[in-house]
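Taking it in order: structure first as structure tokens, then the write-up.
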Amino acid sequence: MSSPFDAVTRQALLVEYFELNGRLTELTEAIDSSESGDSLAEELSHVQERLWELSQEYAQGVPVIPISRCPFTGREVVHSIDHFGLDGLWWDSESPVRPGESLPPAFFALTGAVKLGSGIEEFPFLCQPGPGAPFVIPRLIEHPDIKAVVSSLAVGRHQAYPVFYFADPVPYDVDRVNTWGTEDYVYLDPGGHYRWDSGTLSPADLDFDLEKWIRAGKLLWIAPGDARLTLRSDTRRCPYLSADGRRGLTYVRQGRTWAWDANQPD
Amino acid sequence: MNSPTVGTAEQLVFQINNDDIGPLLTDGLRLECNSLSPLSDLLKGYAKGSRRASEGAAEIAAHPLFPTAASTLAKPDLRMLHRTGGGSLDVSFFTAYRNSAVDENIIVTVAPSFENSTLVQLFGEPDSYLTWWLDTLATPVEEPVANYMPPPTPLESLVYMLHTVDAFRRASFQNMLSYTPADEPFIGTAEFTETLNASMGSQDLRWLLPSFLYLTPGLNEYTFDPQPEHLGALAEQDFLLIAKKAAGNDEIFLFGEAGRTMGVEFYRTWMSAAGFENVVLTPSGLRTLNRGFLAPTALANHLIRLEPDGKGGCIANHQAMTLEELAGKLREMIGEALAARP
């Protein structure tokens, strides 16, 4: 396993990546409209190759950290996440750059929320970090074999709330949900083969009333900053019950944010 | 005493006088026993042909499933031991066996019965055994509840948590005895330690912690090394809160959300418990497959599975389960046990 990058290395990589990505767009448009495409095509090839190298470098450097715990087995869950900021390629919802994950057998889905802090990063891709407060998806968590765990961590200047869904046994007749920050999900079928699919999520699918799910034994929580990832079920001191933040689905691009709230049409 | 057989093509229940076991199995079926057999002790010292079977034994021996039951009990390779009792029940036990050479899926249980007899039940398939197991030991709960002891829980912390559940009942009794219904239940810190030590040494199965310690087979195989962080789990999981008495400086424990909720649940609705251990006989000896404790209440089937931590101690995986969840987990455990090969 390679070492995770530090902030400086990551920043340099992203600067070069975004510059080359912009150049890629220019070249593509120029080749389409130009008669002298050969030299441009050669440069295009170099740019694509370098972008590929950078994305591989990024995928190998994304931190993989202990982030949750399975409520059925007690096993710690490690997962990749670019916690330096939303400008990382990990957060590109249309073309995320993420390493392969090593997840426990009971893993079912990962969603999440991000409460945006001051100063949104500038990046050219579309980031869909979820709403501003932690939530559950009733369609999933109501299933008798599924439980969820909410935790939190800082992502740059923002506060992120990963919500992992676990199942024991795993139901294969239940549609999953797009993995946090992306537009699809990958899963193992009963035959042990990886498959992918995608779904849609609307604000109406989200439930921010976490207390009733905790009391029902369907949602557990991990205290912010708890490095031991201790699962908890009491509501008296649960900080996620009072988490404020926008309840709509958030979109971020080029330093701008907008949201799809529950009372807005699709 | 031998009772008439009750059986179908796939299930057989009979009660056999222990004095008839030698004549029927050793003389009649010419069976020998292995070290795992529950019949070894009963057949110790029995000389072939030295006794005749009683009259009622003939009906048992005539049942077509009797040879299968007998062969399974004579040389089992899988044993599922259960100790039951606790709460308001006396201690008892039953053990389930399987002999893969006879049939991979047939399970036969034995339990001591009255008047020097043994109750034997044969289940033709694992699901019928599971159904009987759940009817006997579990509670038909349908709605899930919060798990205040989520995994992983070191054994030492589990002991403290179970004692806290008992401590709530104790504090509630004290309130009743002093006619102070409005007082919030509490326990002095010194009293908590004193009663913990007394509880652990008592074998008084009216309380939850002694029931866990006594009924769970094989607990003595694990080290028990309480450290401050194990006690700290009580505060972390909101079982106990440290406070000071209103008058004076005495430190007391108040009950947090977990301590109160589980305390009330067990105080009002806990009636019985069962410890279990599944072992398979291998050429090099017995191998433990799993070990645990079940305490059903009106709200949940509290299943505690114990796993070695690799350092001599053990880690508890507690789940508060509906009947359906428990059935699924038991089916998985029984399936793993039946799939285990000597």
Side-chain angles (χ1 to χ4, degrees), chain A residues 66 68-77 104-106 136 138 140-151 164-172 209-241, chain B residues 141-154 157-158 161 229-230 232-241 254-262 265 299-307 309 314-333 335:
Chain A
S68 189
R69 191 178 287 281
C70 174
F72 294 109
T73 64
R75 273 178 61 178
E76 192 175 83
V77 176
V136 295
L140 296 185
I141 204 169
E142 281 169 348
H143 192 282
D145 298 331
I146 294 177
K147 295 187 181 187
V149 177
V150 59
S151 57
F164 279 80
Y165 291 80
F166 300 88
D168 183 24
V170 172
Y172 292 98
D209 178 10
L210 306 184
E211 182 169 354
K212 68 172 187 273
W213 298 107
I214 295 175
R215 290 193 181 279
K218 301 295 287 180
L219 175 66
L220 294 86
W221 55 278
I222 296 171
D226 180 4
R228 289 179 296 120
L229 301 173
T230 305
L231 291 174
R232 313 263 289 262
S233 288
D234 58 295
T235 58
R236 192 175 66 86
R237 299 168 303 175
C238 178
Y240 302 109
L241 303 189
Chain B
V141 173
E142 294 183 355
E143 295 297 324
V145 296
N147 180 4
Y148 288 107
M149 300 189 294
T153 305
S157 294
L158 177 72
M161 289 172 182
E229 63 263 26
H230 298 130
L234 293 178
E236 194 172 41
Q237 297 287 4
D238 213 22
F239 274 84
L240 292 177
L241 316 167
L254 296 175
F255 295 91
E257 179 182 328
R260 225 174 315 115
T261 305
M262 288 195 71
E265 178 189 350
L299 298 185
N301 291 289
H302 292 270
L303 178 68
I304 298 173
R305 285 173 292 142
L306 302 173
E307 295 151 17
D309 66 1
C314 95
I315 295 293
N317 181 333
H318 166 264
Q319 302 289 336
M321 298 174 137
T322 63
L323 183 64
E324 192 178 331
E325 288 171 333
L326 180 64
K329 185 53 61 182
L330 262 298
R331 184 174 290 111
E332 180 187 308
M333 289 168 60

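Protein chains get the first letters and strands the later ones, always in sequence-line order, with residue 1 at the start of each.
Contact tally against chain A (heavy-atom pairs below 4.5 Å) for N317(B), T322(B), V145(B), T261(B): the top residue is V145(B). Counting heavy-atom pairs closer than 4.5 Å to chain B, the top-ranked of the candidates E76(A), R69(A), K147(A) is R69(A). For the set A320(B), P151(B), A300(B), G328(B), the count of heavy-atom pairs under 4.5 angstrom toward chain A peaks at P151(B).
Residue R236(A) holds its CZ atom at 7.5 Å from CZ of R260(B), rounded to the nearest 0.5 Å. Rounded to the nearest 0.5 angstrom, C238(A) SG and D238(B) CG are separated by 11.5 Å. Atom NZ of residue K329(B) and atom CG of residue D168(A) lie 4.0 Å apart, to the nearest 0.5 angstrom. Atoms CG and CD, from D234(A) and Q237(B) in turn, are 7.0 Å apart once rounded to the nearest 0.5 Å. Put simply, CZ on R215(A) and CD on E257(B) are 5.5 Å apart, with the number rounded to the nearest 0.5 Å. Here T73(A) contributes atom OG1 and I315(B) contributes atom CD1; the two are 12.5 Å apart, rounded to the nearest 0.5 Å.
Around CD of E324(B), the count of heavy atoms belonging to other residues, nucleotides or ligands within 6.0 Å does not exceed 12.
Not counting sequence neighbours, the partners of A146(B) by the side chain to side chain contact (heavy atoms under 4.5 Å, CB included) test are S233(A), Y148(B). Every residue meeting the side chain to side chain contact (heavy atoms under 4.5 Å, CB included) condition with P224(A), not counting sequence neighbours, appears here in chain and number order: S152(A), P239(A), Y240(A).
When heavy atoms are compared at a cutoff of 4.5 Å, R237(A) approaches chain B solely by way of its side chain, counted from C-beta outward. Contacts of L220(A) with chain B are made by side-chain atoms alone, with heavy-atom separations under 4.5 Å and no backbone atom involved.
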CA sep, side-chain torsions, deciding dist, call: R228(A), E236(B), side-chain contact (heavy atoms from CB on, under 4.5 Å): CA-CA 12 Å; R228(A) 289 179 296 120; E236(B) 194 172 41; 2.5 Å; yes
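Remark: the backbone N or O of D145(A) is not paired with any side-chain donor or acceptor of E325(B) at under 3.5 angstrom.
Using a 4.5 Å cut-off on side-chain heavy atoms (C-beta onward), K218(A) and P144(B) make contact.
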